[in-house]
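Contents: one structure, followed by commentary.
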Amino acid sequence: MNTKQKNIRNDFYLLKHNKVVYFDNAASALKPKQVAKTINNYYTKLGTNSSRGVYKLAYEVTTLYEDSRESVAKFLNCESREVVFTKGATNSLNIVATSYGLNNLKAGDEIITSKLEHHSSILPWVEVAKKTGAVLKYVPLDKHSRITVENFKSVCTNKTKIVALTHMSNVMGYLTPVKEICKIAHSFNAITIIDGAQSVPHLKIDVKDLDCDFFAFSAHKICGPMGVGVLYGKFDLLNNMIPVEVGGGMIEDVVNGEPTYKKAPFKFEAGTPIIAGVIGLKTAIDYINNVGYDFIYKTSKELKDYLFARLKELKNITIYNDDTDIPLVAFNIDGIHSHDAASVYDNYNICVRAGHHCAKPLMDYLGQIATLRVSLYYYNTKEEIDKFIAVTKAVQEFFNKN
Ligand code: PMP
């Protein structure tokens, strides 16, 4: 562990005191004390609503709220009017499906998605297909279960209206070639919706370079607060969409009961916003930028190589994502149900994930009911991997499967 990583670990209570080996970062990253401080500061010293009052405190909160929007815009390389604050990636993806999908698709139109998707990326479109008569098509996965440009080309046609794909799989850790796919999709006039919930923690994102139409992520996966996320949308698209929720804070006027709505992004933020979360997101972005994506890439590569090398020393382990792009392994210990194994890991204070990972179509595709998933982030260490490997042996011994 180098000095930088040591300093980083000191910012996280659980890591500083070695309380657990936290290997469930794909579910949610841990939160540094800086994020907690921002939220605490809001609740103890501010606590007012934003965008409504004319008094100084309300103005201060509104400024912090809008500063966060600026910060997200810089983070994604877009304009701040293209940043909608939501409850999370799931909420963002549902907004696009409900507002854009239901109002623009008709029977026979095609929606391209994949079996690699998290339920939050695929199910909103399953519902749109049911309601509009549009047809869902899946990009065939290659032999590693990856989405490739070639396979995408094989399903994209003049009937394709929507392309809804994961940027990075939460089960396999595969990066989708989104830039190339968006280019092809646009040549057929299709709209692209990218689920960035897993890519944002690992990859510097430039939505202009990707040229996607919509992009969604959650704050909690980049060490930010729970309950807040982002929907990026190209301004003209967003601005022409009908709000999904209506209420306070998003109207321009109501004359004789007839409302007119504010422009994007405000028309998608009805009601009192998630103020502490939004402000905390800015601190999380500052934190990640301070850690630096270069450090994240370097650490991720080292951890990934070490994790796979050590896991492959063991017998009777089935790995499903041998050529993953991040330090994430989906595997099973032969003969042991993943939930049973996860309970034994827990006895040794190692947090790993077991189950279908909200990706049932992928589990069916892999022919598995469930897998174990170990997902690391920049604050994890080789020493923690060593402990994980030793406990994996203990799990095998416990169930007599070594
Ligand atoms: N997409 C992917 C790939 C995810 O991993 C997740 C969270 N596990 C989501 C979407 C949904 O994110 P949230 O639960 O924060 O809305």
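As the structure lists them, so they are numbered: ligands from 1, and atoms in each ligand from 1. Only this structure's heavy atoms are used, side chains among them; waters, hydrogens and symmetry mates stay out. In this text the structure is predicted, and so the values were computed from the model without any measurement.
- Near Gln198, with a cut-off below 4.0 Å to any heavy atom, the atoms of ligand 1 are 3 (C), 4 (C), 5 (O).
- Taking every non-hydrogen atom of Asn170 and a distance limit under 4.0 Å, the qualifying atoms of ligand 1 come out as 3 (C), 5 (O).
- Residue His118 has at least one nitrogen or oxygen atom sitting less than 3.5 Å from a nitrogen or oxygen atom of ligand 1, judged on distance alone.
- Residue Ala197 has at least one heavy-atom neighbour below 4.0 Å for each of these atoms of ligand 1: 1 (N), 2 (C), 4 (C), 6 (C), 9 (C), 10 (C).
- Checked against the 6.0 Å centroid criterion, the rings of Tyr320 and Phe331 do not qualify as a close aromatic pair.
- Annotation for ligand 1: atoms under 4.0 Å from non-hydrogen atoms of Thr90 are 11 (C), 12 (O), 13 (P), 14 (O), 16 (O).
- Heavy-atom contacts of Ser218 reach the following atoms of ligand 1: 12 (O), 13 (P), 15 (O), 16 (O) (cutoff under 4.0 Å).
- Not a single heavy atom of Lys87 sits less than 4.0 Å from an atom of ligand 1.
- Not a single N or O atom of Thr166, backbone or side chain, sits closer than 3.5 Å to an N or O atom of ligand 1.
- Residue-to-ligand polar distances keep Ser120 apart from ligand 1: every N/O pair is separated by 3.5 Å or more.
- The aromatic ring centres of Phe266 and Tyr261 sit 6.0 Å or more apart.
- Closest to atom 3 (C) of ligand 1 among all protein heavy atoms lies Asp195 OD2, 3.4 Å.
- With Thr166 contributing its side chain and Glu117 its backbone, the two residues share no donor-acceptor pair below 3.5 Å.
- Between the side chains of Asp109 and Thr132, no donor N or O sits under 3.5 Å from an acceptor N or O.
- A donor-acceptor contact shorter than 3.5 Å is absent between the side chain of Arg310 and the backbone of Asp305.
- Within the cation-pi definition used here (under 6.0 Å to the ring centroid, within 45° of the axis), Arg146 qualifies as a partner of Tyr174.
- Under a 4.0 angstrom heavy-atom cut-off, Lys221 registers as being in contact with ligand 1.
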Margin query: I'd like to know whether Met226 forms a side-chain contact (heavy atoms from CB on, under 4.5 Å) with Ser28, so could you lay out the CA-CA distance, the side-chain angles of the two residues, the decisive distance to 0.1 Å, and finally the verdict.
Written below: CA-CA 9 Å; Met226 296 299 195; Ser28 200; 3.2 Å; yes

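- One side chain, Tyr65 or Glu269, offers a donor N or O that lies under 3.5 Å from an acceptor on the other.
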